J.: 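This is the structure I have questions about; it appears just below.
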Amino acid sequence: MLRRTLLSAALAAVALATPAASAAQPTGVEGVWRNPKNSVHIRIQPCGEHLCGYVVWANEDAKEDARKGGTANLVGSQLLRNFSPSKSGSWRGRVFVPDLNATFSGSAQLVDDNTLRARGCLIAGLGCKSQNWKRIS
């Protein structure tokens, strides 16, 4: 009985550790990125099994736009949520748009080591917008 309990506990520990181990491995998209206007910088990092992105810097215009949209504190806000790798080599998840105070489906794909193409859509592939974000060293 004790052996079966220990085996179950060991299997559970391996199952719980596996996502953390895979999330800790570099993905190529992790790091700090700036938007095309250089008005917002986000840090993409592991968040459990997924990747997420937090605002680490924003200029005053971006902060004001976010406040007008209902986001009081842009810096520290999570813009990228639950991004997971897809079969096409891109990452898919949810994107929070602070100046609209709304969350939409989105994707991100490395164009090269220093360019990340981000794409977000309002509904079912409609009203989509793409941007190329640049890595900050």
Side-chain angles (χ1 to χ4, degrees):
M1 180 70 166
L2 179 58
R3 179 181 271 176
R4 188 176 301 160
T5 302
L6 290 174
L7 179 61
S8 295
L11 290 173
V14 168
L16 291 174
T18 301
S22 65
Q25 295 183 11
T27 62
V29 297
E30 293 173 32
V32 179
W33 299 85
R34 66 171 178 82
N35 68 348
K37 293 181 179 180
N38 197 27
S39 60
V40 175
H41 297 178
I42 63 168
R43 177 180 309 282
I44 298 177
Q45 62 191 40
C47 293
E49 297 178 44
H50 306 285
L51 290 179
C52 58
Y54 290 90
V55 177
V56 294
W57 177 87
N59 70 17
E60 290 306 315
D61 289 340
K63 291 177 188 177
E64 182 59 27
D65 287 345
R67 278 191 289 273
K68 287 178 183 176
T71 303
N73 297 311
L74 180 57
V75 175
S77 295
Q78 185 180 7
L79 300 189
L80 306 181
R81 301 171 180 181
N82 299 322
F83 269 66
S84 300
S86 69
K87 291 179 182 177
S88 67
S90 66
W91 291 79
R92 296 193 180 281
R94 307 287 292 160
V95 179
F96 176 65
V97 180
D99 39 338
L100 298 176
N101 200 24
T103 304
F104 304 102
S105 65
S107 64
Q109 184 161 9
L110 277 176
V111 175
D112 58 43
D113 288 343
N114 295 308
T115 307
L116 182 69
R117 180 166 293 127
R119 184 170 190 246
C121 298
L122 295 176
I123 296 175
L126 299 174
C128 298
K129 181 179 179 181
S130 293
Q131 294 181 331
N132 285 333
W133 289 59
K134 294 294 183 179
R135 187 184 299 273
I136 298 174
S137 305

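If you're wondering where the values come from, they're calculated on a predicted model, not measured in any experiment. Positions are given from 1 along the sequence.
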J.: Without swapping roles, check the side chain of Arg135 against the backbone of Glu30 for a donor-acceptor pair under 3.5 Å.
T.: yes

J.: Quick one: NZ on Lys63 to CH2 on Trp57, what's the gap to the nearest 0.5 Å?
T.: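 Reported to 0.5 Å precision, the distance equals 8.0 Å.
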
J.: Taking C-beta and beyond as the side chain, do Asp61 and Ser39 meet within less than 4.5 Å on heavy atoms?
T.: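 Sidechains of Ser39 and Asp61: no contact.
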
J.: Side-chain contact test, heavy atoms from C-beta onward, threshold under 4.5 Å: evaluate it for Val40 versus Val55 and give yes or no.
T.: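 The answer is yes, as the side chains (C-beta and beyond) meet within the 4.5 Å cut-off.
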
J.: At their closest point, which heavy atom of Pro98 faces which heavy atom of Leu74, and how far apart are they?
T.: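 Scanning both residues completely, I find the closest heavy atoms to be CG-CD1, 3.5 Å.
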
J.: Hey, what do you get for OG1 (Thr103) to CG (Leu79), rounding to the nearest 0.5 Å?
T.: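 Output value for this atom pair is 9.5 Å.
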
J.: Quick one: pull up OG in Ser84 and CD in Glu49 and give me the separation to the nearest 0.5 Å.
T.: 8.0 Å

J.: So which atom in Pro36 and which in Asn132 form the shortest heavy-atom distance, rounded to 0.1 Å?
T.: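 Looking at all heavy atoms of both residues, the shortest contact is CG-O, 3.4 Å.
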
J.: Starting at CG of Asn101, measure out to CZ of Phe96 and round the result to the nearest 0.5 Å.
T.: 4.5 Å

J.: Just grab all the salt bridge (charged side-chain N to carboxylate O under 4.0 Å, His left out) pairs involving residues 65-78, residues at least two apart or on different chains.
T.: Glu64-Arg67

J.: More than 12 heavy atoms of other residues, nucleotides or ligands under 6.0 Å from CG of Asn38: is that the case?
T.: yes

J.: Of all heavy-atom pairs between Val95 and Gly106, which one has the smallest distance, and what is that distance?
T.: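 Where Val95 meets Gly106 most closely, the heavy atoms are CG2-CA, 3.8 Å.
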
J.: Kindly give the heavy-atom pair with the smallest separation between Ser107 and Arg92, and that separation in Å.
T.: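 That would be CB-NH1, 3.6 Å.
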
J.: Looking only at heavy atoms, which two atoms of Gly28 and Trp33 are closest? And how far apart?
T.: O-CZ2, 4.3 Å

J.: Roughly how far, to the nearest 0.5 Å, is CG of Leu116 from NZ of Lys134?
T.: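 One gets 10.0 Å once the value is rounded to the nearest 0.5 Å.
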
J.: Within the 4.5 Å heavy-atom criterion, are Thr115 and Leu110 side-chain neighbours or not?
T.: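 They are not in contact (no side-chain heavy atoms under 4.5 Å apart), so the answer is no.
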
J.: Taking all atoms of both residues into account, what is the closest heavy-atom pair of Cys47 and Tyr54, and its distance?
T.: SG-CE1, 4.2 Å

J.: For Ser130, give me all partners under side-chain hydrogen bond (donor to acceptor under 3.5 Å, both in side chains), at least two apart in sequence or on another chain.
T.: none

J.: Between Asn73 and Val75, is there a donor-acceptor pair closer than 3.5 Å when you use the side chain of the first and the backbone of the second?
T.: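 The answer is no, because no donor-acceptor pair under 3.5 Å joins these two groups.
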
J.: Got a second to check how far His50's NE2 is from Arg94's CZ, nearest 0.5 Å?
T.: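 If I round to the nearest 0.5 Å, the distance is 13.0 Å.
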
J.: Where do Trp133 and Ile42 land on the side chain to side chain contact (heavy atoms under 4.5 Å, CB included) test, with the steps shown first?
T.: CA-CA 10 Å; Trp133 289 59; Ile42 63 168; 3.8 Å; yes

J.: Each residue besides Val32 in its hydrophobic cluster should be listed here, by chain and number; the cluster joins Ile, Leu, Val, Met, Phe, Trp and Tyr at side-chain heavy-atom distances under 4.5 Å.
T.: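 Joined to Val32, directly or through intermediates: Val56, Ile136.
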
J.: Does CG in Asp113 sit with more than 12 non-hydrogen atoms of other residues, nucleotides or ligands closer than 6.0 Å?
T.: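 No, not enclosed.
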
J.: State whether the side chain of Gln109 and the backbone N or O of Val111 hold a donor-acceptor pair below 3.5 Å, judged by distance alone.
T.: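 Such a contact is absent between Gln109 side chain and Val111 backbone.
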
